[in-house]
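Chain identifiers are assigned alphabetically (A, B, ...) following the order of the sequence lines, protein sequences preceding nucleic acid strands; residue numbering begins at 1 within each chain.
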Amino acid sequence: MGSGSRFALQKWRATHLADDPLDSPERRAPARAPRAETVRITNREKVYWPALGLTKGDLIDDDRAVSPLLLPHLRDRPVHLRRFPDGIEGKSFFHKHAPAHTPDGVRTVRLARSDAEQSIEHYVCDDLRSLLYLVNLGSIDLHPWGSTVLSPETPDRLIFNLDPVAAGFAATVRVARELGKRLRGIGLQPVLKTSGSRGLHLVISLQPSYSYEQIGMFAEAVARLVVRDLKEIATIERSPARRGNRVYIDTLQNRRGQTVVPPYVVRPVRAASVSVPLDWDELDVSLPPSSFPFTEVLERFQLRGDLAAPLCEQAEDIAPAIEAIVRSLGGGDGTP
DNA sequence: GTGGACG
DNA sequence: CGTCCACAACGCTGG
DNA sequence: CCAGCG
């Protein structure tokens, strides 16, 4: 690591960590004094990743260290947990209802279900204490919504999930490049990241102006155009059997109540990898997405900075992009 | 991993 | 007190 | 109608 990046890290720490990372002054009553970290962590020694010998304590330590990078992608969002109380090879379950015994200090929000028949109390992970509490429950990857509690029905994230299935990573890279090019061509700036599993994600930060349904339709239309150009290697076919060896461009995550794996979250996979943002010029066949176990992410941050920061810094107006897509679909270039 | 229900 | 159990959910598609 | 899918 060069001194330049060391300096960048220090500067970043100074602005992001401050004295009390638990406090978020613009939205909270001023604290009298920084509060001690009071979350009780249990079973630190339990092995979560047997192949690597990594424990729950290792995960907790990593989440604490990476929290300034991760929390901005969780803040104000309903979050679903996926819990692995006995590590990645044990039983797991999703958990979305925040029970009545949820401690004070872990925010929850009651939202109507999509059918409006009932409402559900959701967790919201706004700060380090909440993060550690939720991870102590056995959560490995947290799954935030693509919209915030401020306007739950209008997403501020647009996600394309490229799943290689049997297509291989080289084809996935080609599809990602093409999709990225097309999105930039209609004025959007997608952030590229590994899924932490096998695939790649392209994520766009949106002004929350459209419904999930509208955003989902837009995403599918874009995916359709990419498939038109790359028929041999890309598909939006939902049935796995009919995908063949093509990369699946999954746009179904742009739906209410669906979730989007955020940058910097650890995945419950053997390699203990993280969903890591990439520079577009890093995108290469030689970069398998299982790269970057959580043990290497801070080091990578020191070299590359926070490549996901744009997602939290600027929200894009998608209206011109929608118009452009409508034009190209209606433009009579062969699509019935 | 943990609280609540059951016996 | 020891055990057992729950811990999401929804529209779409293919069969 | 049910099962699989994400």
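Nucleotides of DNA chain C with any atom under 4.0 Å from a heavy atom of chain A span, from 5' to 3', C:dC7 to C:dG14. Along DNA chain B, read 5' to 3', the first and last nucleotides having any atom under 4.0 Å from a heavy atom of chain A are B:dG1 to B:dG3.
The existence of a salt bridge linking A:Arg182 and A:Asp229 is confirmed by a sub-4.0 Å separation between a basic side-chain nitrogen and an acidic carboxylate oxygen. The existence of a salt bridge linking A:Asp127 and A:Arg107 is excluded, since no basic side-chain nitrogen approaches an acidic carboxylate oxygen closer than 4.0 Å. Using a 4.0 Å cut-off between charged nitrogen and carboxylate oxygen, A:Asp86 and A:Lys46 count as a salt-bridge pair. The residues A:Glu220 and A:Arg224 are annotated as salt-bridged, a charged nitrogen and a carboxylate oxygen being separated by less than 4.0 angstrom. By the 4.0 Å N-to-carboxylate-O rule, A:Glu237 lies too far from A:Arg246 to be salt-bridged with it.
Here the options are A:Leu188, A:Ile159, A:Leu162, A:Leu158, the test is side chain to side chain contact (heavy atoms under 4.5 Å, CB included), and the partner is A:Leu202; only A:Leu162 passes. Shown are A:Pro277, A:Ser205, A:Pro262, A:Pro72; of these, the side chain to side chain contact (heavy atoms under 4.5 Å, CB included) with A:Leu311 is made only by A:Ser205. Each of A:Asn136, A:Asp61, A:Asp58 was evaluated against A:Arg44; a single residue qualifies, A:Asp61, per the side chain to side chain donor-acceptor pair (under 3.5 Å) test.
Nucleic acid contact for A:Ile120: sugar-phosphate only, since backbone atoms but no base atoms lie under 4.0 Å from a heavy atom of the residue. Looking at heavy-atom distances under 4.0 Å, A:His80 makes no contact with the nucleic acid at all. At a threshold of 4.0 angstrom between heavy atoms, the contacts of A:Arg83 include nucleobase atoms, whether or not backbone atoms are also involved. Residue A:Lys91 is classed as having no contact, given no heavy-atom separation below 4.0 Å to the nucleic acid. The residue A:Asn136 sits close only to the backbone: its heavy atoms come under 4.0 Å of sugar-phosphate atoms, none of a base.
Transitive grouping of hydrophobic side chains (ILVMFWY, heavy atoms separated by less than 4.5 Å) brings A:Leu71 and A:Ile140 into a common cluster. Hydrophobic clustering (side-chain heavy atoms under 4.5 Å, transitive across Ile, Leu, Val, Met, Phe, Trp, Tyr) keeps A:Val269 apart from A:Tyr48. Neither A:Val260 nor A:Trp145 shares a network with the other; the hydrophobic side chains, linked directly or stepwise wherever heavy atoms of I, L, V, M, F, W or Y lie under 4.5 Å apart, form separate groups for each.
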Item to check | Nucleic acid footprint by protein, nucleotides 1-6 of chain D - heavy-atom cut-off 4.0 Å, B for base, S for sugar-phosphate alone | outcome: ----SS
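C:dA8 and D:dC5 have their C1' atoms separated by 15 Å, given to the nearest Å. The separation of C:dA9 from D:dG4, taken at their C1' atoms, amounts to 14 Å, rounded to a whole angstrom.
Of the residues in residues 42-49 of chain A, A:Thr42, A:Asn43, A:Lys46, A:Tyr48 come within less than 4.0 Å of DNA chain B through at least one heavy atom, sorted by number.
Residues passing the side-chain contact (heavy atoms from CB on, under 4.5 Å) test with A:Ala309 are A:Asp306, A:Glu313, sequence neighbours excluded. With sequence neighbours excluded, the residues forming a side-chain contact (heavy atoms from CB on, under 4.5 Å) with A:Glu323 are A:Arg327, listed by chain and number.
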